[in-house]
Amino acid sequence: MNINLAKNIIIYSICLLLIYYVYTLFHIGAILSYILKLILPIIIALFIHFLLEPMINYFSLHIKRQIVVIHLYITFGLLALIIAYFILPNIIDQCMICYEIFSSHYNDIHPIIKSIYNFLEKYQLIDYLMNIISTISQSVIYWISNIALSLGISFYLSYDNMHLIESVIFHIPFSKQSLYMQALKRIKLVTYRFMKSILLDFIFFYILCLIPFYFIDKEMFYIISFFLAITNLIPYIGPYIGGIPIIIYEYFIDMNLGYASLICIIVLQYLESSYLQPYLFSKYVHIHPITLFIALAFFGDLCGIIGMVFSPLFLSYVMIIFDLCQQLRLHDKVKSIVFHHHS
């Protein structure tokens, strides 16, 4: 028994070394990254088409499908223009105002805030944070361009009523089609539940933020609420990403506003995490926090902020695919190939 275990460990170790050698020698990582960049708009287009299909099918019962698709994508385009025209310029202007206030009133800043800033500046952490912000900005621009291209592709998929995934499954041997179709149905169900929950969570949390921040900052309360609701979609670390800049921003305007923002954000996050989120995600796949943290780091590094927001959904996809591989007994087939066990 121990001899067989030692042989298995040696064989697997040799296989891993060979795979790593081939991976580094032929620059497979760079090739895969290049291929992923080429097909990424198609993947996003399939995902968008996948999400919009139930809505399109519902309205197509009473209206011609092509008309529904055209109106739906025109609505998305107008929504994107509204956000780009009204919200983004205000955010940029307020960032500039915040920087000017910080520069002109540096000596009046609370000693604790000043000491933290000096510490960050001394050890060049400010430059590191600025590099992170620059990277996030480039990632946002990259994803916006890919999503814009993907919307065009998904428009034609929806307009022509093309189901690429189902058509691929039909080319698989008939005995295996049922397993793949069941996995696809599970993926659709998980996706619809996740998107419904995340949309409702965003809307309700946005409304919750509007009420207190209307009394704190009447000029920027709707943008602050939108920013908090968007960053709150990122599991675990999202509240810190959204809350800390808002507290600092209000603190630079008025010390009392900074303290009020801190109290409001703590109360809002408690209500959202204790009552709203468990209720909305009660029917969603339960994932262990440690596993979700790993997925958050992996998909965040792979896909940026989009990967962080959708990391629970992507992790659910991985779990479904892994379960499909177990049902197909792919591990046994690979093991039989490696060890030359012919039945």
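Quick note: numbers below take in every heavy atom, side chains included, and nothing from hydrogens, waters or symmetry partners. Owing to the predicted nature of the structure, the values given are computational and were not obtained by experimental measurement.
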Indicate the atoms forming the closest heavy-atom contact of [X] with [Y], along with that distance.
{"X": "Leu228", "Y": "Gly242", "answer": "CD2-O, 3.5 Å"}
{"X": "Pro212", "Y": "Leu208", "answer": "CD-O, 2.9 Å"}
{"X": "Leu179", "Y": "Leu324", "answer": "O-CD1, 3.7 Å"}

Is any side-chain heavy atom of [Y] closer than 4.5 Å to one of [X]?
{"X": "Phe322", "Y": "Tyr317", "result": "no"}
{"X": "Leu257", "Y": "Asp217", "result": "no"}
{"X": "Leu268", "Y": "Cys209", "result": "yes"}
{"X": "Asn232", "Y": "Asp201", "result": "yes"}
{"X": "Glu250", "Y": "Ile224", "result": "yes"}
{"X": "Phe221", "Y": "Ile216", "result": "no"}
{"X": "Asp323", "Y": "Gln326", "result": "yes"}

Is there a continuous path of hydrophobic side-chain contacts, each under 4.5 Å between heavy atoms, that joins [X] to [Y]?
{"X": "Tyr222", "Y": "Ile207", "value": "yes"}
{"X": "Leu52", "Y": "Ile70", "value": "yes"}
{"X": "Leu199", "Y": "Phe47", "value": "yes"}
{"X": "Met55", "Y": "Leu313", "value": "yes"}
{"X": "Ile247", "Y": "Ile266", "value": "yes"}

Should the pair Phe76 and Tyr73 be assigned to parallel (<30°), tilted (30 to 60°) or perpendicular (>60°) ring geometry? perpendicular

Is the ring pair Phe194/Phe310 parallel, tilted or perpendicular, if the boundaries are 30 and 60 degrees? tilted

side-chain contact (heavy atoms from CB on, under 4.5 Å) between Ile67 and Lys64: does it pass, once the steps are laid out? CA-CA 6 Å; Ile67 297 175; Lys64 191 176 179 180; 4.0 Å; yes

Surrounding CZ of Phe59 (heavy atoms of other residues, nucleotides or ligands, distance under 6.0 Å), is the total greater than 12? no

Please determine whether the number of non-hydrogen atoms from other residues, nucleotides or ligands lying under 6.0 Å from atom OH of Tyr214 exceeds 12. no

Distance check, rounded to the nearest 0.5 Å: [X] atom [atom1] versus [Y] atom [atom2]?
{"X": "His49", "Y": "Tyr159", "atom1": "NE2", "atom2": "OH", "value": "15.0 Å"}
{"X": "Ile153", "Y": "Ile42", "atom1": "CD1", "atom2": "CD1", "value": "5.5 Å"}
{"X": "Asn146", "Y": "Ile44", "atom1": "CG", "atom2": "CD1", "value": "5.0 Å"}
{"X": "Ser13", "Y": "Leu18", "atom1": "OG", "atom2": "CG", "value": "11.0 Å"}
{"X": "Ile56", "Y": "Leu61", "atom1": "CD1", "atom2": "CG", "value": "12.5 Å"}
{"X": "Leu184", "Y": "Leu189", "atom1": "CG", "atom2": "CG", "value": "11.5 Å"}

CA sep, side-chain torsions, deciding dist, call: Tyr206, Ile230, side-chain contact (heavy atoms from CB on, under 4.5 Å): CA-CA 9 Å; Tyr206 178 70; Ile230 284 290; over 6 Å; no

Please test Gln269 against Phe205 for side-chain contact (heavy atoms from CB on, under 4.5 Å), starting from the C-alpha separation and ending with a verdict. CA-CA 9 Å; Gln269 288 299 332; Phe205 191 72; 3.3 Å; yes

Side-chain donor or acceptor of [X] paired with backbone N/O of [Y] under 3.5 Å:
{"X": "Ser154", "Y": "Ala45", "result": "no"}
{"X": "Ser158", "Y": "Phe155", "result": "no"}
{"X": "Arg193", "Y": "Lys188", "result": "no"}
{"X": "Asn57", "Y": "Glu53", "result": "yes"}

Trace of the side-chain contact (heavy atoms from CB on, under 4.5 Å) decision for Val309 with Ile198: CA-CA 9 Å; Val309 173; Ile198 204 172; 3.9 Å; yes

